[in-house]
Visitor: 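Could you have a look at this structure, given as structure tokens, before my questions?
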Number of protein chains: 2
Amino acid sequence: MDKIRPYSKVLRTLKSAGLRPTKQRLVLSRLLFDGKNRHVTAEGLHSEAILSGQKISLATVYNVLNAFTSADLLKEIIVDSGCSYFDTNITEHHHIFNEDNNELTDIKIKNVELKGLPILTSCEKLQRIDVIIRVKNKSK
Amino acid sequence: MDKIRPYSKVLRTLKSAGLRPTKQRLVLSRLLFDGKNRHVTAEGLHSEAILSGQKISLATVYNVLNAFTSADLLKEIIVDSGCSYFDTNITEHHHIFNEDNNELTDIKIKNVELKGLPILTSCEKLQRIDVIIRVKNKSK
DNA sequence: GTGTTTGCAAAGTGTTTGCAATTTA
DNA sequence: TAAATTGCAAACACTTTGCAAACAC
């Protein structure tokens, strides 16, 4: 099993985001911010928490994911109408999405070059650019 | 008002896609394939049909949009978890999505250059690449 | 006639909300 | 103790489905 990030570090993260360190937020933080980049759904993270023996409701997982996203601890990735993904990698980057197993993989942005994008109108403010490479598994 | 595409042309389109030209499919086809590129939601297209005096249920609009997408008459665009958009422009191209008014605009692909994308693994088969430029309205 | 499509209502999914109980500061 | 958060259930929004009636071929 991977090493678990100590509460102290997670505590500091929450504190600096202005979020009260409740038991549930700490549990989810430790699952999410374990050192490697993760892509989770509410459902998936909830199962994970339950499986690890914690008690937390699905509604709270949604609340926490939304709170973390508002606090810029997570980034929401839209690849699937009907299911939200949350990414612990909040730096600018792109994704490969496998439509067969619903798996998201990061693409480092420094490798990607985008040219020829249109000039926005004077009333449009750029939020972000998403590049999604959709793949399926090759049938053997 | 724009000119309405004659039934004959729409009929041929449906026929060649192997779809029976039912009254409802013809109604939606004439709204969709009116010569210019359109981005619609099921809800939006349904309202449009109703407002134009036609009788059609929302379930049928969903059925028809899915049938048209399977027949490659439409392309589904995923920009919003919780709502599907359908695009009458089935050529390869990208989008600007205005998150304030949920408006989609096409970007011609020939202007866009994407470099440095990762090499897919041997079991991955490319489906498509989506580039979405997310914008909001500038607050005055 | 046979198979397809429609339309309604019901069911299904993923997500949010109202509110009392609990917890944090 | 005042304000924020939780958890449940109910509400929600979007979409699909089951099935009888209507329709296309």
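What you see below is based on every heavy atom in this structure, not just the backbone, and it leaves out hydrogens, waters and symmetry mates. Every value quoted in this text rests on a predicted model; they were computed, and no experiment measured them. By convention in this document, chain letters (A, B, ...) are assigned in the order of the sequence lines, proteins followed by strands, and residues within each chain are numbered from 1.
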Visitor: For the residue pair B:N98 and B:N137, confirm or rule out a side-chain donor-acceptor distance under 3.5 Å.
Guide: yes

Visitor: Give the rounded distance in Å between these two atoms: NZ of B:K23 and P of D:dC23.
Guide: 9 Å

Visitor: Send over the distance from B:N63 CG to D:dC23 P, rounded to a whole Å.
Guide: 17 Å

Visitor: Classify the nucleic acid contact of B:S81 as base, sugar-phosphate or nothing, counting any heavy atom under 4.0 Å across all strands shown.
Guide: nothing

Visitor: Taking for each residue the nucleotide of DNA chain C with the nearest heavy atom, is it B:V64 or B:R20 whose nucleotide lies nearer the 5' end?
Guide: B:R20

Visitor: From NZ of B:K55 over to P of D:dC23, roughly how many Å is that when rounded to an integer?
Guide: 11 Å

Visitor: Classify B:T22 by what it touches in the nucleic acid, base, sugar-phosphate, or nothing, heavy-atom distance under 4.0 Å.
Guide: sugar-phosphate

Visitor: Looking at D:dA24, which nucleotide sits across from it as a Watson-Crick or G-U wobble partner, both distances under 3.5 angstrom, or is there none?
Guide: C:dT2

Visitor: Whole angstroms only, please: what is the NE2-C1' distance between B:H46 and D:dA13?
Guide: 16 Å

Visitor: Nearest-nucleotide wise, let me know which of B:G82 and B:K15 is further upstream toward the 5' end of DNA chain D.
Guide: B:G82

Visitor: Do the ring planes of B:H93 and B:H39 sit parallel (below 30°), tilted (30 to 60°) or perpendicular (above 60°)?
Guide: tilted

Visitor: Compute whether any side-chain donor of one residue and acceptor of the other, for A:D130 and A:H94, lie under 3.5 angstrom apart.
Guide: no

Visitor: Answer yes when B:E92 and B:K110 have at least one side-chain N-carboxylate O distance shorter than 4.0 Å, and no when they do not.
Guide: no

Visitor: Do A:F97 and B:I78 come close enough that some side-chain heavy atom pair is under 4.5 Å?
Guide: no

Visitor: With a 4.0 Å limit, can you tell me whether B:Q24 has a side-chain N or O closer than that to the phosphate oxygens OP1/OP2 of D:dC23?
Guide: no

Visitor: Quick one: do the A:E76 and A:S84 side chains pair a donor with an acceptor below 3.5 Å?
Guide: yes

Visitor: On DNA chain C, reading 5' to 3', which nucleotide is the first and which the last to sit with an atom under 4.0 Å from a heavy atom of chain A, could you check?
Guide: C:dG14 to C:dA25

Visitor: Are B:Y62 and D:dT15 close enough that a side-chain N or O sits under 4.0 Å from OP1 or OP2?
Guide: yes

Visitor: Under a 3.5 Å cut-off for both contacts, is C:dC19 paired Watson-Crick or G-U wobble with anything, and if yes, with which nucleotide?
Guide: D:dG7

Visitor: Let me confirm one number: the CG-CG distance from B:N66 to B:L74, rounded to the nearest 0.5 Å.
Guide: 9.5 Å

Visitor: Hey, which sits more toward the 5' end of DNA chain C by its nearest nucleotide, B:A59 or B:L19?
Guide: B:L19

Visitor: To the nearest angstrom, how far is B:E43 atom CD from D:dT16 atom C1'?
Guide: 15 Å

Visitor: Base, sugar-phosphate, or nothing for B:N66, non-hydrogen atoms under 4.0 angstrom?
Guide: sugar-phosphate

